[in-house]
Amino acid sequence: VQLQASGGGLVQAGGSLRLSCAASGRSFSTAVIGWLRRAPGKEREFAAGVTDSGGTYYADSVKGRFTISRDNAKDTVYLQMNSLKPEDTAVYYCAWKMGATIYSREDAYDAWGQGTQLTVSS
């Protein structure tokens, strides 16, 4: 499967942005898609995930501000990010795994997109 993440950019604190992850190749509609992020100088961390049936799971740090959704007809997953904070600044990666369970561990994912940069200014 090939994943293409897009939508990153520069936004002021309190603003909003939507990331997209377009997939091609292997089955998308039956896979879990996760968004993970790597902030400068930090390890990559899980942000949000969505199951094939639309179930979602969020890291505490983004819960209530980020919403993950998927459009299986378009093979695309979205991450709507609201009330952005400077600490959300990171490279955001979408990742793919077979199965029905969302994992926060990055080694659970089998394929990765190239990442898209989000910078939140204070």
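By convention here, the first residue in the shown sequence is residue 1. All values derive from a computational prediction rather than experimental measurement. No hydrogens, no waters, no symmetry mates; every other heavy atom, side chains included, goes into these values.
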Visitor: Quick one: pull up CG in L36 and OH in Y93 and give me the separation to the nearest 0.5 Å.
Guide: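 If we round to the nearest 0.5 Å, L36:CG and Y93:OH are 10.0 Å apart.
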Visitor: Residues in salt bridge (Lys or Arg N to Asp or Glu O under 4.0 Å) with R44, at least two apart?
Guide: E106
Visitor: Find out whether F28 and V1 are in side-chain contact, i.e. whether some heavy atom of one side chain is under 4.5 Å from a heavy atom of the other.
Guide: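 Counting from C-beta outward, F28 and V1 never come under 4.5 Å.
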Visitor: Mind checking what makes side-chain contact (heavy atoms from CB on, under 4.5 Å) contact with Q117, not counting sequence neighbours?
Guide: T89, V91, T119
Visitor: Using modelled atom types only, decide if a donor and an acceptor are shared between the side chain of Y109 and the backbone of Y103 within a distance under 3.5 Å.
Guide: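 At least one qualifying donor-acceptor pair exists.
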Visitor: Just jot down the side-chain contact (heavy atoms from CB on, under 4.5 Å) partners of A5, sequence neighbours excluded, or say none.
Guide: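 Checked A5 against side-chain contact (heavy atoms from CB on, under 4.5 Å); matches are W35, C94, Q114, T116.
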Visitor: Just to verify, what does S29 make a side chain to side chain donor-acceptor pair (under 3.5 Å) with, not counting sequence neighbours?
Guide: none
Visitor: Using atom types as modelled, flag every donor-acceptor pair under 3.5 Å from a side chain in residues 49-60 to any protein atom, sequence neighbours excluded.
Guide:
unit_1: T51; atom_1: OG1; unit_2: S53; atom_2: N; d: 3.4
unit_1: T51; atom_1: OG1; unit_2: S53; atom_2: OG; d: 3.2
unit_1: T51; atom_1: OG1; unit_2: G54; atom_2: N; d: 3.3
unit_1: T51; atom_1: OG1; unit_2: G55; atom_2: N; d: 2.8
unit_1: Y58; atom_1: OH; unit_2: I68; atom_2: N; d: 2.9
unit_1: D60; atom_1: OD1; unit_2: K63; atom_2: NZ; d: 3.1

Visitor: Between CD1 of I33 and OG1 of T76, what distance do you get to the nearest 0.5 Å?
Guide: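 Here the rounded value is 10.0 Å.
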Visitor: Is it true that D88 and R37 have a side-chain N and a carboxylate O under 4.0 angstrom from each other?
Guide: yes
Visitor: For residues 8-25, which side-chain N or O atoms pair as donor and acceptor with protein atoms under 3.5 Å away, sequence neighbours left out?
Guide:
unit_1: S16; atom_1: OG; unit_2: N82; atom_2: OD1; d: 2.9

Visitor: Go through it in stages, so that I can follow the logic: the residues are Y78 and T67, the test is side chain to side chain contact (heavy atoms under 4.5 Å, CB included), and I'd like the CA-CA distance, side-chain angles, deciding distance and then a yes or no.
Guide: CA-CA 8 Å; Y78 304 99; T67 302; over 6 Å; no
Visitor: Check for me whether R38 meets the cation-pi criterion with Y92, that is, NZ or CZ under 6.0 Å from the six-membered ring centre and within 45 degrees of the ring axis.
Guide: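 So R38 doesn't make the cation-pi contact.
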